[in-house]
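Notes to accompany the following structure.
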Amino acid sequence: MEKEVRVRFAPSPTGGLHIGGVRTILYNYLFAKQNKGKFILRIEDTDQSRFVPGAEEYILNCLKWCGLTPDEGVTFGGDYGPYRQSERKKIYRQYAEQLVAQGQAYYAFDTPVDLENKRNAIPNFQYSHATRMHMRNSLTIPHEAAEALVREGAPHVIRIKIPEHENVYFNDLIRGNVTFDTNQVDDKVLLKADGMPTYHLAVVVDDYLMKISHVFRGEEWLPSAPVHILLWKYLGWETDMPQWVHLPLILKPDGKGKLSKRDGERLGFPVFATEWIDPKTHEKAIGYKEMGFLPQALNNLLALLGWNNSTEQEIFTLQEMIDTFSLDRVHKGGAKFDWDKAKWFNAEWIKKISADELLPYVQEVLASKNIYPEKEYLSTIIQLVKERCVFLNDFYEQSFFFFTAPHSYDMDALKSKWADEKALFFNDLINQFEQSENWEAPEIENIFKQLASAKAIKIGELMLPFRVMLVGGKFGPQVFLIAQHIGRQATIDRITKALETIKL
RNA sequence: GGCCCGUUCGUCUAGGGGUUAGGACGUUAGAUUUUCAUUCUAGAAACAGGGGUUCGAUUCCCCUACGGGCUACCA
């Protein structure tokens, strides 16, 4: 009897969405879709001190841009709401209390200052079986006194009482069997003094209540897995416990450690999916979207950072990933992020999709420069230049001259080996252009070459000046194609104007 | 420090007891493109080290080294 696949992404809304998070979302999504299950979005906002206005809406927008839409969750509805933990506050306490009643958790009255002092006084201090009897909690003070304190509203937390000399085993779908000795695990806080649960309690309670079948999360959660497993057990839900899937981390390209926002700034690439502006500091971190990435490319490159389908295929549509994704083909080791390869993926995707699919993106890029071309014409131009673009933003540099005449010229390129005879050539060229019957690239090229040979000037000496006259510099696609698409009159006007500029 | 996880070209990875250890990015050299990019061809480039097991280990086991993560009333 197969359990329905229900997976969730549960971000803490505290800032920009890191690409590691996007990859976790992607794996969740692929797995859910492949198994005809549900992908759920839950907001883990149990830390009120870290509340950042706008962060939740930002995550929703990221998801939308990536095209990885949840089936259920915050703003998407579902039968297991609310999906925001701050709105579930009242349901957690009873479970913590249940554990206290069962003797598997206890009230602790130590203040943050007490703990701070302990940590300073004792190296490697852990609140655990070794120390709990020296602390101020319901294990060390008389039971009635502790109960009274709680009743009177004395500040307290509830901590899990981790057993001694036990081993916690579990099977991670990526790593296989993992074992922990409970003697090494500390008594984590379950319920904070403000009445909010910590991640540890909330994640277990909500995953149970929301019938989560598989927990995908970063490897940084591995050390707290034994706490969660013990909680599943103590709460009596062991048979419903989800499968654990701890994903490898995305590491810095150079030095040590996991990829952070700072690395992006330092090395010049985005770390967030879309732009994030911190509401307090107004600090701006650019995103893949703003950098000119196609969401298909971001998904594709992230999927391949840690997973492959054993073939040599590298370019995958979302559907292809859904069809071939497999957890046992996810790598165990962390992957250093490679910006060069990321750019390659985007260039490949720009080449892969059609001009029409590219159209809305390019329209947006050009609109930011106040260029609003007619759709059909733009589509033709996109087809002409798309293989020269790495970023969507490159479409401006690669195509602006199809819509507007150059404002300046690369004079070195234009004047190289310039001579009066060349000015004469271009004057005659204008005449010939005016008289030509049609205006297609081969015809234009023909006229150009015949005139050059009539005047005994090498084509090579003429092509570059012609190009610079039309576009302003040494760039762009085949020059006769440019002439064709900007049209006869624009071509003549641009030559005329350039000739005047050279005279000056 | 303790605990946990990991380790194939510079990077992402395929492979798996006997292979010329494959691909991709990047890189180098050439061809094409009378700009540049694209494209094409060729090249350099890896099994961390030491012990086992075995006729034979890059592949299985152990140790070491190295890398990473965690060690909050943060997630």
Min side-chain heavy-atom separation Asp206(A)-Tyr92(A) under 4.5 Å: yes
Test item: Leu462(A) and Phe425(A) side chains (from C-beta on) under 4.5 Å apart, heavy atoms: yes
Touch class at under 4.0 angstrom, heavy-atom based, for Arg175(A) against every strand present: sugar-phosphate
Main-chain N/O of Gly476(A) paired with Arg467(A) side-chain donor or acceptor, under 3.5 Å: yes
Sugar-phosphate only, base, or nothing, as touched by Lys351(A) at under 4.0 Å among non-hydrogen atoms: sugar-phosphate
Proximal nucleotide (of C3(B), A14(B), U11(B)) relative to the Asp338(A) side chain: U11(B)
Nucleotide nearest Val178(A) (side chain, heavy atoms from C-beta), chosen from G1(B), A24(B), C5(B): C5(B)
Complement of C40(B), any strand, by Watson-Crick or G-U distances under 3.5 angstrom: G30(B)
A21(B) pairs with, by Watson-Crick or G-U criteria that keep both distances under 3.5 Å: none
Side chain Ser138(A), main chain Tyr106(A), donor-acceptor under 3.5 Å: no
Residue Glu348(A), side-chain atoms from C-beta onward, closest of G2(B), U39(B), C4(B): U39(B)
Any donor-acceptor pair under 3.5 Å from Asn28(A) side chain to Thr24(A) backbone: yes
Inter-nucleotide P distance (G6(B), C62(B)), Å rounded: 12 Å
Any strand: nucleotide that pairs with G67(B) via Watson-Crick or wobble, under 3.5 Å: C5(B)
Touch class at under 4.0 angstrom, heavy-atom based, for Thr179(A) against every strand present: sugar-phosphate
Short side-chain to backbone donor-acceptor contact, Arg159(A) and Asp187(A), under 3.5 Å: yes
Distances under 3.5 Å between protein N/O atoms and the N/O atoms of nucleotides 69-75 of chain B, please, pair by pair.
residue	atom	partner	partner atom	Å
G69(B)	OP1	Lys258(A)	N	3.1
C70(B)	OP1	Lys258(A)	NZ	3.1
U71(B)	O2'	Gln126(A)	OE1	3.4
C73(B)	OP2	Arg119(A)	NH2	3.4
C73(B)	OP2	Arg159(A)	NH2	3.2
C73(B)	O2	Ala193(A)	N	2.8
C73(B)	N4	Asp110(A)	O	2.8
C74(B)	OP2	Lys192(A)	NZ	3.0
C74(B)	O2'	Asp47(A)	OD2	3.3
C74(B)	O2'	Arg50(A)	NE	3.3
C74(B)	O2'	Arg50(A)	NH2	3.1
A75(B)	OP1	Thr46(A)	OG1	2.7
A75(B)	OP1	Lys192(A)	NZ	2.9
A75(B)	OP2	Tyr199(A)	N	3.2
A75(B)	O3'	Glu44(A)	OE1	3.2

Sugar-phosphate only, base, or nothing, as touched by Glu387(A) at under 4.0 Å among non-hydrogen atoms: base
Sugar-phosphate only, base, or nothing, as touched by His331(A) at under 4.0 Å among non-hydrogen atoms: sugar-phosphate
Parallel, tilted or perpendicular: rings of Trp244(A) and Phe170(A) (30°, 60°): perpendicular
Distance between C1' atoms of A14(B) and C9(B) (Å, rounded): 13 Å
Asn300(A) versus Ile315(A), closest heavy-atom pair with distance: OD1-CA, 3.3 Å
Nucleotide nearest Phe475(A) when distance is taken to its side chain, options U35(B), A37(B), U11(B): U35(B)
Sugar-phosphate only, base, or nothing, as touched by Arg217(A) at under 4.0 Å among non-hydrogen atoms: nothing
Sugar-phosphate only, base, or nothing, as touched by Gly306(A) at under 4.0 Å among non-hydrogen atoms: sugar-phosphate
Touch class at under 4.0 angstrom, heavy-atom based, for Pro477(A) against every strand present: base
Sugar-phosphate only, base, or nothing, as touched by Asn124(A) at under 4.0 Å among non-hydrogen atoms: base
